[in-house]
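Excluded from the calculations below are hydrogen atoms, water molecules and symmetry mates; all remaining heavy atoms, backbone and side chain alike, are included.
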Amino acid sequence: MKQFEFDKISIQEISKDDMLLILEALKYTGESTHIEDFLSLRNNILNQLATLSESSPQEFLDYLMEETLSN
C-alpha cells in the first residue's frame with residue numbers, strides 16, 4: 001500500500017458551496033451529538049479561513065452564505 005506523507009491539505013480546490021456545507025455539517029453534527037470535537041473542528045477551520053481572508057469568522061461565514069445564495 002502506498003503511503004502519503006503531508007502535514008497540511010490545500011483547500012483551494014473546494015468550492016464556496018462545499019466549504020459552507022462542510023462548516024454547516026460540522027455545526028449540525030456537533031450540536032446533534034453533543035460531541036465537542038465537531039464544533040471545535042468547525043471553529044478551527046472557520047478561524048483559519050477568516051485569518052487568510054483578513055476578516056472575522058462571522059464576516060467570512062456571512063460572505064460564504066451570500067455567495068452561496070447568489071448562485
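- Remark: Ser55 pairs with Ser53 by the side-chain hydrogen bond (donor to acceptor under 3.5 Å, both in side chains) rule, at least two apart or across chains.
- Checked by atom type and distance alone, the side chain of Thr29 pairs as donor or acceptor with a backbone atom of Ala25 at under 3.5 Å.
- For Tyr63, the side-chain hydrogen bond (donor to acceptor under 3.5 Å, both in side chains) partners are Lys16, not counting sequence neighbours.
- Minimum heavy-atom separation, Asn47 to Pro57: OD1-CG, 3.0 Å.
- Residues passing the side chain to side chain contact (heavy atoms under 4.5 Å, CB included) test with Leu21: none are found, sequence neighbours excluded.
- Listed by chain and number, the residues in a side-chain hydrogen bond (donor to acceptor under 3.5 Å, both in side chains) with Glu59 are Ser56 (sequence neighbours excluded).
- Evaluation of the side chain to side chain contact (heavy atoms under 4.5 Å, CB included) rule for Asp37 yields Ile35 as partners, not counting sequence neighbours.
- For the atom pair Phe60 CZ and Leu49 CG, the distance stands at 4.5 Å (nearest 0.5 Å).
- Between Met19 and Ile45, some side-chain heavy-atom pair lies under the 4.5 Å cut-off.
- Partners of Glu24 by side chain to side chain contact (heavy atoms under 4.5 Å, CB included), not counting sequence neighbours, listed by chain and number: Leu20, Lys27, Arg42, Leu61, Met65.
- Residues satisfying the side-chain hydrogen bond (donor to acceptor under 3.5 Å, both in side chains) test with Ser15, not counting sequence neighbours, are Asp18.
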Any chance you could lay out the side chain to side chain contact (heavy atoms under 4.5 Å, CB included) test for Leu26 and Leu39, step after step, and finish with the verdict?
CA-CA 6 Å; Leu26 288 168; Leu39 296 172; over 6 Å; no
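- Leu41 and Tyr28 are assigned to two separate hydrophobic clusters, defined by single-linkage of ILVMFWY side chains at heavy-atom distances under 4.5 Å.
- Asn44 and Gln48 form no side-chain donor-acceptor contact under 3.5 Å, judged by distance and modelled atom types alone.
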